[in-house]
Amino acid sequence: MTSQHPELALLGGTPTFPEPLHVGRPNIGDRKVIERLIGEILDRRWLSNDGPVARELEYRLAEYLSVNHVVLMCNATLALEIATRAAGMQGEVIVPSFTFVATAHALQWQGVTPVFCDIDPKTHNLSPEAVEAAITPGTTGIIGVHLWGRPCCVDSLTDIARRHKLALMFDAAHAFGCSHGPHRIGGFGHGEVFSFHATKFFNTFEGGALATNDSELASRAKLMRNFGFSGYDKVDYLGTNAKMTEVCAAMGLAGLDILEEFTAANHRNYDCYRTNLDPVPGISIINYDASNQNNWQYIILEVDPARSGLTRDELMGVLWAENVMARRYFYPGAHRMEPYRTLYPEAGKRLPNTEALCESVLALPNGTSLTEETVTTVSSIISRAVENAASVKRKLAESKLS
Ligand SMILES: Cc1ncc(COP(=O)(O)O)c(C=O)c1O
């Protein structure tokens with residue numbers, strides 16, 4: 001080992017990074033803008049309830065996404081609950097299991113049954129054939145997820161929904177700044193839901209939004225996010241509290257101004273990971289289609305143990321020992337988490353591609369806080385782990401025994 005390539009921590013060296021390097025460190029918007037906006041919010045003493053900053057962000061987002069309506073919410077989970085309810089989804093709704101569990105929770109929380117459907121192993125997104133096969137007389141809707149910001153089969157799902165008279169919603173939590181061909185994600189289906197959580201490409205600390213061209217859906221969602229109030233003393237719907245605060249909206253405006261900087265940093269890091277990791281056997285990074293716009297936020301590895309000599313979990317063990325906190329998104333699959341594991345114990349039988357991917361996918365850090373040097377160092381840990389696969393395996397086996 002040279003001094004440039006010290007011993008892996010798992011094999012007796014010291015951790016490469018003194019502090020944990022997390023997946024999803026926030027991209028921070030223009031500080032001057034956020035500080036100015038927060039000052040104005042405090043002076044105005046209008047902190048929430050459809051304030052001027054939230055309204056401006058809704059206007060700017062609708063313009064950016066080229067949609068008629070954006071309804072800001074306090075997070076995407078509540079936005080999904082409201083959007084699916086406002087779209088009349090009940091009974092059974094078809095969703096992927098290979099997603100963050102919130103996609104299913106948003107339905108189950110309302111007594112709607114998420115019917116887990118398998119994905120295409122190449123795209124990681126819903127397989128239209130599997131969706132069609134999962135439709136029953138009880139089905140009222142489909143939620144497609146644009147996983148990693150890669151658009152799911154929008155055209156086929158739109159066709160299926162139209163033929164079967166189903167509501168179609170997209171969970172676009174990962175897909176802000178992405179497109180399907182020339183069209184920005186945001187305008188497909190009856191509506192699309194974005195997450196602006198701190199870990200996302202574009203954040204409002206916590207936040208989310210429904211984007212739609214359907215005016216009725218937008219007005220129902222607006223009422224529902226504010227307890228159903230249509231006037232001071234008038235409630236028209238069962239509602240909840242899903243409003244976005246002014247400070248959160250200010251963070252959004254500050255980020256929106258410099259989205260291109262976020263994209264450029266992510267893209268540079270993605271290319272650097274590719275250059276370093278493409279030659280490593282058994283390690284592949286997912287592709288982003290050049291005919292779409294991408295936010296390049298997700299660095300997703302697929303680990304093939306037959307070629308790399310290591311399982312995904314063994315590679316993760318090596319990275320964690322170096323303080324690189326790579327994540328097994330979305331292990332073990334929503335259908336193997338509670339309450340779904342107990343409620344739908346047979347679901348896995350229909351999900352072979354989901355279960356296989358849950359064993360092979362690993363997410364690496366990306367974002368504006370990451371330098372190319374750090375990316376190169378993380379990549380070098382991975383290539384050395386594969387070069388030393390036999391010793392790594394032995395070490396991990398020994399530590400399990402002791
Ligand atoms: C695919 C997907 N859907 C929904 C959510 C929920 O978003 P939020 O944290 O804004 O509620 C997330 C969050 O990570 C997600 O990844």
Side-chain angles (χ1 to χ4, degrees), residues 22-27 57 61 70-85 89 93-110 112 114 116-117 119 123-126 141-152 154 157 169-178 185-186 188-189 191-211 221 225 240-245 248-249 251-252 255 286 295 297-300 325 327-335 337 340 354 357-358 361 363 365-367:
H22 289 287
V23 176
R25 281 201 80 198
N27 295 329
L57 183 59
L61 288 173
V70 166
V71 184
L72 279 177
M73 315 252 188
C74 57
N75 59 57
T77 306
L78 275 165
L80 276 169
E81 283 176 27
I82 288 177
T84 52
R85 194 178 192 100
M89 289 189 183
V93 172
I94 297 169
V95 290
S97 169
F98 195 56
T99 176
F100 185 59
V101 72
T103 318
H105 277 354
L107 296 167
Q108 186 74 32
W109 190 259
Q110 308 182 68
V112 176
F116 293 116
C117 185
I119 48 173
T123 64
H124 299 189
N125 283 325
L126 272 181
I142 303 167
I143 304 181
V145 180
H146 305 300
L147 207 72
W148 325 129
R150 299 194 297 185
C152 59
V154 168
L157 293 182
M169 203 54 75
F170 291 101
D171 177 339
H174 296 183
F176 191 76
C178 301
I185 299 288
F188 295 105
E192 305 212 52
V193 169
F194 293 98
S195 171
F196 304 145
H197 181 258
T199 54
K200 297 295 187 289
F201 167 66
F202 163 78
N203 83 84
T204 58
F205 299 115
E206 288 261 7
L210 165 66
R225 79 171 166 187
T240 184
N241 183 359
K243 300 186 300 294
M244 178 178 278
T245 67
C248 288
M251 182 69 164
I286 62 162
N295 61 28
Q297 178 79 358
Y298 294 90
I299 308 292
I300 304 297
M325 313 313 285
R327 298 290 306 277
R328 300 186 289 190
Y329 291 158
F330 286 100
Y331 179 83
H335 69 288
M337 294 176 172
Y340 314 108
T354 301
L357 266 185
C358 283
V361 161
N366 197 10

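For ligands, and for the atoms within them, numbers begin at 1 and follow the listed sequence. Counting from 1, the numbers follow the sequence of the chain as shown.
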Excluding sequence neighbours, so at least two apart, what forms salt bridge (Lys or Arg N to Asp or Glu O under 4.0 Å) with R327?
none
Is there a side chain to side chain donor-acceptor pair (under 3.5 Å) between S195 and H197? Walk through the geometry before answering.
CA-CA 6 Å; S195 171; H197 181 258; 5.6 Å; no
Write none if no such pair exists; otherwise list each N/O atom of ligand 1 with its protein N/O partner under 3.5 Å and the distance.
| residue | atom | partner | partner atom | Å |
| --- | --- | --- | --- | --- |
| ligand 1 | 3 (N) | D171 | OD1 | 3.3 |
| ligand 1 | 3 (N) | D171 | OD2 | 2.7 |
| ligand 1 | 7 (O) | S195 | OG | 3.4 |
| ligand 1 | 10 (O) | A76 | N | 2.9 |
| ligand 1 | 10 (O) | S195 | OG | 2.8 |
| ligand 1 | 11 (O) | A76 | N | 3.3 |
| ligand 1 | 11 (O) | T77 | N | 2.9 |
| ligand 1 | 11 (O) | T77 | OG1 | 2.6 |
| ligand 1 | 14 (O) | K200 | NZ | 2.5 |
| ligand 1 | 16 (O) | H174 | NE2 | 2.8 |

Taking the six-membered ring for Trp, are F196 and F176 parallel (under 30°), tilted (30 to 60°) or perpendicular (over 60°)?
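F196 and F176: perpendicular rings.
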Between H105 and Y340, does the ring centroid distance fall short of 6.0 Å?
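Yes, they do, as the ring centres are separated by less than 6.0 Å.
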Ring centres of W148 and F201 under 6.0 Å apart?
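W148 vs F201: aromatic centres not under 6.0 Å.
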Evaluate T240 against E81 for side chain to side chain donor-acceptor pair (under 3.5 Å), listing each step before the verdict.
CA-CA 10 Å; T240 184; E81 283 176 27; over 6 Å; no
